[in-house]
Each structure stands twice: as structure tokens, then as C-alpha cells.
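We count residues from 1, following the sequence as given. The basis for the numbers below is simple: all heavy atoms, side chains too, and nothing from hydrogens, waters or symmetry mates. Everything quoted here is computed from the prediction, not taken from an experiment.
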Amino acid sequence: MTESTTIINACDASVWLDNASGVLKDISGTTNNLTLALSRNVGATPVFGSRWPRRKMCGNDCQVDFTILYSTAGDEAMDILKDWIMGTVDDARSFVVYLPDKNVGSDKYYGEFVLESLNIPATAGEGKPIEVTGRLLVDGSFATTSVAT
């Protein structure tokens with residue numbers, strides 16, 4: 001097999017999240033890490049006379065683990081997530097990631113998610129920006145497509 005010429009990196013990934021008004025906002029400028037964890041619900045049961053289990057699958061799942069930089073401006077990642085977790089409405093919101101960027105031909109991953117956790121560490125004497133971590137869980141379907149326009 002010849003060496004691939006289509007390998008990508010995430011330097012210019014584009015990350016979008018609904019704010020409380022349901023408007024997608026670009027949070028790429030304060031997001032520095034995310035993992036799209038896709039999984040399947042797999043059940044295993046052994047049978048008599050066999051050392052190997054039988055497996056069946058029933059449904060898929062997705063979670064997004066992320067790291068953002070704490071900022072104080074409105075409609076940036078921290079503002080949207082802080083309002084979401086502290087708010088009184090436990091609604092699902094749209095989350096979209098474009099890899100390697102938002103241009104034609106890129107992959108678009110999208111779905112509705114709920115916010116499971118938001119972790120805000122504060123360390124005295126540390127000069128770097130605060131790195132906030134959290135987790136989104138899919139609520140309904142998760143899909144991917146190629147950016148056409």
C-alpha cells in the first residue's frame with residue numbers, strides 16, 4: 001500500500017455549540033481538545049460447551065469529552081456551558097464539529113447533546129489559562145456527513 005496523502009490534523013477544527021437561544025456559536029477559539037467517543041451497546045453471553053461468548057449489538061452511543069479555556073466574554077465556550085449547567089432548563093443542544101476545518105470536503109459530525117459535567121479547576125500559583133473539562137452525552141441520533149457548501 002502506498003503512503004496516504006490525505007491524513008489530517010485538528011489544528012483548524014471548527015467547534016460549534018448552541019447557546020441558550022438555540023443559536024449555534026463558534027466556540028473553536030476557546031476549545032483546545034475534544035474526543036468524540038463512539039460506542040456500541042454490545043452484550044455477551046456464553047453457551048454450554050463453548051469457551052467463546054456469543055455477542056449481539058443493540059444501538060450506538062456517543063459522548064464528547066472536551067477541554068476549553070476559561071474566558072469571560074459572552075457567547076464563548078465557558079459562557080455558554082456555565083449558563084447551560086447553572087440554568088433551570090435541562091434541554092438538549094446542538095453540537096457540531098468540522099474536521100479538519102469548515103471547508104468543502106471536510107467531515108461534519110453533529111447531533112443533539114445534554115451536558116453531563118463541567119469541571120473548573122483553580123490552582124494557586126499557576127500562570128497558564130484555566131483548562132475546564134466536561135462531557136456531553138448524545139440525546140437521540142449522531143451523524144456525520146461531508147461538507148458540500
Side-chain angles (χ1 to χ4, degrees), residues 1-44 53 55-149:
M1 177 177 188
T2 60
E3 187 175 340
S4 177
T5 60
T6 60
I7 296 169
I8 67 168
N9 64 33
C11 290
D12 296 317
S14 187
V15 184
W16 296 71
L17 178 64
D18 271 352
N19 64 14
S21 300
V23 177
L24 276 171
K25 295 293 183 174
D26 184 353
I27 62 168
S28 307
T30 53
T31 304
N32 78 348
N33 190 344
L34 64 85
T35 300
L36 299 172
L38 303 168
S39 62
R40 291 191 168 197
N41 182 2
V42 177
R55 298 187 192 280
K56 288 300 220 175
M57 295 179 290
C58 182
N60 298 330
D61 202 357
C62 178
Q63 73 182 37
V64 178
D65 293 311
F66 60 84
T67 303
I68 62 165
L69 302 182
Y70 198 119
S71 65
T72 58
D75 273 344
E76 288 186 350
M78 187 61 199
D79 179 59
I80 294 170
L81 291 163
K82 184 173 54 174
D83 288 348
W84 193 4
I85 203 154
M86 299 301 291
T88 58
V89 179
D90 296 327
D91 57 345
R93 297 188 183 184
S94 296
F95 179 76
V96 183
V97 178
Y98 297 90
L99 293 173
D101 51 35
K102 199 171 181 272
N103 294 323
V104 172
S106 292
D107 289 331
K108 175 183 177 183
Y109 297 90
Y110 60 97
E112 293 291 308
F113 286 80
V114 295
L115 178 58
E116 180 188 54
S117 63
L118 192 63
N119 308 298
I120 307 168
T123 304
E126 195 167 86
K128 70 177 190 171
I130 295 173
E131 294 179 341
V132 176
T133 61
R135 175 172 289 158
L136 302 175
L137 301 174
V138 74
D139 183 36
S141 65
F142 181 72
T144 185
T145 189
S146 184
V147 178
T149 58

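Side chains of Y98 and N103 form no contact here, defined as non-hydrogen atoms less than 4.5 Å apart. Side chains of P121 and I130 form a contact here, defined as non-hydrogen atoms less than 4.5 Å apart. Proximity of N32 to E131: side-chain heavy atoms (C-beta onward) are separated by under 4.5 Å at one or more points. Counting heavy atoms from C-beta on, the side chains of S28 and V15 come closer than 4.5 Å. Within the 4.5 Å cutoff, no side-chain heavy atoms of V132 are placed close to those of T67. Considering only heavy atoms from C-beta on, S94 comes within 4.5 Å of E112 through its side chain. The side-chain heavy atoms of S106 and P100, taken from C-beta on, include a pair separated by under 4.5 Å.
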### From CA spacing to verdict: side-chain contact (heavy atoms from CB on, under 4.5 Å), L99, Y109
CA-CA 8 Å; L99 293 173; Y109 297 90; 4.0 Å; yes

### Task
Give the intermediate values and the outcome of side-chain contact (heavy atoms from CB on, under 4.5 Å) for residues Y70 and E76.
CA-CA 9 Å; Y70 198 119; E76 288 186 350; over 6 Å; no

### Pair L24-V96, side-chain contact (heavy atoms from CB on, under 4.5 Å): steps then yes or no
CA-CA 9 Å; L24 276 171; V96 183; 4.2 Å; yes

### Task
Dump the intermediate steps for side-chain contact (heavy atoms from CB on, under 4.5 Å) on L118 and F66, then the final yes or no.
CA-CA 9 Å; L118 192 63; F66 60 84; 4.1 Å; yes

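In terms of heavy atoms, L81 sits closest to I68 at CD1-CD1, 3.6 Å. When every heavy atom of P129 is checked against every heavy atom of L69, the shortest pair comes out as CB-CD2, 4.3 Å. When every heavy atom of C62 is checked against every heavy atom of L38, the shortest pair comes out as SG-CD2, 3.6 Å. Taking all atoms of both residues into account, the shortest heavy-atom contact from S71 to M78 is O-CB, 3.6 Å. Shortest non-hydrogen contact noted between D18 and I80 is O-CG2, 3.3 Å. Summarising the geometry of A92 relative to D139, their closest heavy-atom pair is CB-OD2, 3.4 Å, with the distance given to 0.1 Å.
With sequence neighbours left out, F95 forms a ring pair (Phe, Tyr, Trp, His ring centres under 6.0 Å) with F113.
Put simply, CG on N60 and CZ on R40 are 5.0 Å apart, with the number rounded to the nearest 0.5 Å. Note that CD1 of I85 and OG of S117 are 6.5 Å apart. Values are rounded to the nearest 0.5 Å. How far CZ of R93 is from OG of S21: 8.5 Å, rounded to the nearest 0.5 Å. Once rounded to the nearest 0.5 Å, the distance linking NZ of K56 with CG of N41 reads 13.0 Å.
Side chains of D65 and Q63: a donor-acceptor N/O pair is present below 3.5 angstrom, by distance only. Remark: the S14 side chain and the D101 side chain contain no N/O donor-acceptor pair separated by less than 3.5 Å.
Each of V64, L34, L36, V114 was compared with L136 under the side-chain contact (heavy atoms from CB on, under 4.5 Å) criterion, and only V64 meets it. Partner of W16 under the side-chain contact (heavy atoms from CB on, under 4.5 Å) criterion, out of K25, K102, K108: K102 alone.
The backbone N or O of D91 sits less than 3.5 Å from a side-chain atom of W84, completing a donor-acceptor pair. Formation of a donor-acceptor pair under 3.5 Å by the S4 side chain with backbone atoms of T6 is found in this model.
Within 6.0 Å of CG in D90 there are 12 or fewer heavy atoms belonging to other residues, nucleotides or ligands.
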